[in-house]
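Down below is the structure, laid out as structure tokens.
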Amino acid sequence: MKIPVLLIVALTSGTASADDIDVLKSVGPGSQGATEARAARDRLAAAGTDNLIPILQAFEGSSVLAQNWLRSAFEGIADAEIKQGNYLPKDELLKFVMDTQGSPQARRLAYEWLLKRTPELEAELIPKMLLDPSPEFRRDAVKRLLDQAEQASGDDAVGLYREALKGAVHEDQVTAVSKALRDAGEEVDLQKHFGFLTSWHIIGPFDNKEKKGYPIAYPPESAIDLAAAYDGQMGEVKWQQYVTEDDYGLMNIADEIENYKGSLMYATTTYNSGRSQDVQFRLGTPNAWKLWVNGDLVFEREEYHRSTRMDQYRIPVSLKAGNNVIMLKVCQNEQDEPWAQRYQFQLRVCDRTGSAIAPVKTTASAAKGSH
Amino acid sequence: MKRIAFLLLAAVAVSVNAADWKQFRGNLANSIAVGESLPTELSGGSISWKVELPGRGLSGPIVVGDQVILTASSGYNEDRLHVMSFDSETGERQWERQFQATGRTICHEKMCVATPTPASDGERIFSFYSSNDLICTDLAGDLLWYRGLGEEFPNASNSLGMSSSPIVVGSTVIAQVEADAEAFAIGVDAATGDTKWRIERPRRANWTSPTILPGEGGRPTLALLQSSAGLTAVDPETGDVVWDFTEGASTTPSSSVVNGRIYIPSHGITTLQVTADGQSFEQVWNSPVLSPATPSAVVMDGMTFSVNRSGALAAGDAESGKRLWQLRLKGPFSSSPVASNGHLFFFNERGVAFVVKPEKDGGTIVSQFDLEETILCSPAAADNALYIRSDGHMWKFADPF
């Protein structure tokens, strides 16, 4: 029943236009634009493979939601072509895949559909993608190097691991590479590789009994004054500097300070950005938290002890050129189970691929100022 | 006005086709396969087909007509969301579509983003994921609407993962999105993706799935939302709360409804009998000794069946709550069983299937078969066949003749 409908659409509307792609790009939250998007997608599908490249090009600058509509249009066309025994337009798609200015998601989509009929392309393309903007391509390229390194020995193996480390952005691969290099006597700076912020000023504990401190704006939320002293949960509290040596930037409050049950701490540091830019803050903590950047609350989450890991939260942040003041509120509850005793955080600054964005200079000295 | 509202409630139909298995724990979300004759001698000879799957998945299959629908998630961050359709007769993959998660994809390593089971109204597929992406496609895989609930409500997530499966009641897709930082239930128009209603829910991590109290006589169809606080009955069209059981309930196994009686995993099992007009309830019995662990309890032939943490199957009298007998199975179990043709079908986490024939005075394991892969999903039963999946494979079991 579907095919005749599509044929009628094609006959009546001709080839699909850029307008149809714009319709897909303009879908919004809720079900906003879905009705129009369905019709536009069907028109694009009816016009066939001519629309594949324009659809892929439209990924750039689109929301993930819109990309999913574009993906649906692309896959509908590509699936129909392959089921008819046809090849997709290889040269055009290949050119798009290799253009690193295109959307990483769109390039990967094109690549995977090309591989369905031309699997040998993998061996040709992936070795060129170690430093690709797409973390998925990087992952494949790093894996090839790791496989080669496992078969090599001595300086050859070290060279391959060093090369792999240049492209690795995923924790499991970086960990594997760094272990191999350290086993070979090489030095690896994982903090720098991942972009962890390792030097913090911390003040606390403040009262969080019965989790009532989470909404309370204690003095650091009004102004950060590293010389100030305040009434805390156990008496007077002052800012103290802590530097973590942990490979993964873990600032362990329970170990370094005390696991005060029903308490909260504030941690601050300064990130010097070479330019104004959009970055991701990637935070891991099992504790409830609030995050401010330059006095603006960028996200908060009241959840305790539902696990933690590196990159647990990805928070988009716009940095200004120069010093950016970061402040984190970290809250501990009063659960007494053994798995609910962690009081910690780790925070790194990276791009959307997970590659570290190094600061011009990071210090724990926060500028005095008001929130 | 009250009468009009009442008639509208009663008009909400629950579409049931015995040959389909359209959502988590079946068409009525109670794990009972009505009118099916499933193979009770599970063995290599009863495997009709076995197919490979991409990525990971704890979601169960659903069956719509001659299509078996399944979801999966893949990628280093598990942010690739897959929806697939297989020919139920041959196992041939008919189509696959992928989407990019818009919400958080962090999960406990035992779980994955494709943990909720999809649902269908017979014309559309509603795939739901731990990232709170609710994706509606038609039966050919074409996208009809997309709700990025993780993006719309970014604090409604759980770093251990979300597992609640949506249900379809009438023309409404109902999903529970409940976590410590934010919690709500939502009713979405199945045809358009528009929000019909959204209600606040107890802010507490919750992995249970909604259940259906089918309308009967003058009693309207109700959607039942379970949480640590208890069980809330809502009008599926409006989300209006009809009544509330507030004695607390589990946050892992879900409730079952059989013959108008509700079996809640609350302090063991607590049963409620809803009044004829559906507007209230009475507690019938409570039995602490029938407490289910992860799998939801099932009710068949006047008996309740629940599996505890040590893998013991406990049978209870559905009228009184009295424990009748126990049968040792080899656990642990995550998968909820299916009840059909006088038998119970269990799959433990190690991939061992148990077919149990329960009777009033005891239960017998009539067959046992090792799939040798981790099984965490709940099976589907349709067209006299049983479907089950691991991360890497899906199997169809049916009698060979």
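A note on names: the letters A, B, ... follow the listed sequences, proteins ahead of strands, and every chain is numbered from 1.
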Among A:Pro29, A:Ala288, A:Ser72, A:Gly30, residue most engaged with chain B (heavy-atom pairs, under 4.5 Å):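 Top count of heavy-atom pairs under 4.5 Å with chain B: A:Gly30.
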Selection from A:Arg139, A:Gln67, A:Gln32 maximising heavy-atom pairs under 4.5 Å formed with chain B: A:Arg139
B:Tyr76 and A:Gln173: side chain to side chain contact (heavy atoms under 4.5 Å, CB included), yes or no, with the steps? CA-CA 11 Å; B:Tyr76 177 69; A:Gln173 289 189 328; over 6 Å; no
Do you know the tightest heavy-atom contact between [X] and [Y]?
X	Y	answer
A:Asp311	B:Ile106	O-CD1, 4.0 Å
A:Ser31	B:Thr192	CB-O, 3.4 Å
A:Trp69	B:Leu144	CH2-O, 3.4 Å

Heavy atoms under 4.5 Å from chain A: which residues of residues 183-191 of chain B carry them? B:Ala191
For chain A, which residues of residues 84-95 of chain B have at least one non-hydrogen atom nearer than 4.5 Å to it?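 Answer by number: B:Gln94, B:Trp95.
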In terms of heavy-atom pairs under 4.5 Å, which option from [options] contacts chain A the most?
options	value
B:Ala179, B:Gly193, B:Cys136	B:Gly193
B:Leu160, B:Ile135, B:Thr195	B:Leu160
B:Gly148, B:Ala205, B:Gly141	B:Ala205
B:Glu151, B:His108, B:Arg203	B:Arg203

Measure the [atom1]-[atom2] distance between [X] and [Y] for me, rounded to the nearest 0.5 Å.
X	Y	atom1	atom2	answer
B:Asp194	A:Thr35	CG	OG1	7.5 Å
A:Arg71	B:Leu143	CZ	CG	11.5 Å
A:His305	B:Asp180	NE2	CG	11.0 Å
A:Glu303	B:Asn155	CD	CG	8.5 Å

Any chance you could lay out the side chain to side chain contact (heavy atoms under 4.5 Å, CB included) test for B:Tyr146 and A:Val27, step after step, and finish with the verdict? CA-CA 9 Å; B:Tyr146 196 116; A:Val27 294; over 6 Å; no
Atom group of [X] that falls short of 4.5 Å from chain B, counting heavy atoms:
X	result
A:Asp172	both
A:Arg301	both
A:Gln105	side chain

Check: B:Arg97/A:Asn68 side-chain N/O donor and acceptor closer than 3.5 Å: no
Once salt bridge (Lys or Arg N to Asp or Glu O under 4.0 Å) is applied, what residue pairs with a partner in residues 104-116 of chain B remain, sequence neighbours excluded?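 Every pair satisfying salt bridge (Lys or Arg N to Asp or Glu O under 4.0 Å) with a residue in residues 104-116 of chain B: B:Lys110-B:Glu349.
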Could you walk me through whether B:Ser159 and A:Tyr313 pass side chain to side chain contact (heavy atoms under 4.5 Å, CB included), step by step? CA-CA 9 Å; B:Ser159 296; A:Tyr313 303 103; 3.5 Å; yes
In this structure, are over 12 heavy atoms from other groups packed under 6.0 Å from A:Lys211 atom NZ?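 Incorrect, the count does not exceed 12.
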If you count the non-hydrogen atoms of other residues, nucleotides and ligands that lie under 6.0 Å from CZ in A:Arg117, is the total more than 12?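 Yes.
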With chain B as the partner chain, list the residues of residues 74-83 of chain A whose heavy atoms fall under 4.5 Å from it, by residue number, and write 'none' if nothing qualifies. A:Glu75, A:Gly76, A:Asp79, A:Lys83
Okay, B:Arg204 and chain A: the region with an atom under 4.5 Å from a heavy atom over there is side chain
Tell me, side chain or backbone of B:Ser157 under 4.5 Å from chain A's heavy atoms, or both, or neither?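 For B:Ser157, backbone and side chain are both near chain A.
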Go through B:Glu182 and A:Glu302 one step at a time and tell me if the side chain to side chain contact (heavy atoms under 4.5 Å, CB included) criterion holds. CA-CA 9 Å; B:Glu182 187 173 3; A:Glu302 193 177 13; over 6 Å; no
Please check this pair: side chain of A:Arg306 against backbone of B:Gly161, looking for a donor-acceptor N/O pair closer than 3.5 Å. no
Give the C-alpha distance, both sets of side-chain angles, the deciding distance and a yes or no for salt bridge (charged side-chain N to carboxylate O under 4.0 Å, His left out) between A:Glu112 and B:Arg80. CA-CA 13 Å; A:Glu112 291 182 1; B:Arg80 294 283 198 96; 2.7 Å; yes
Should A:Leu65 and B:Glu152 count as side-chain neighbours, where that means a heavy-atom distance under 4.5 Å? no
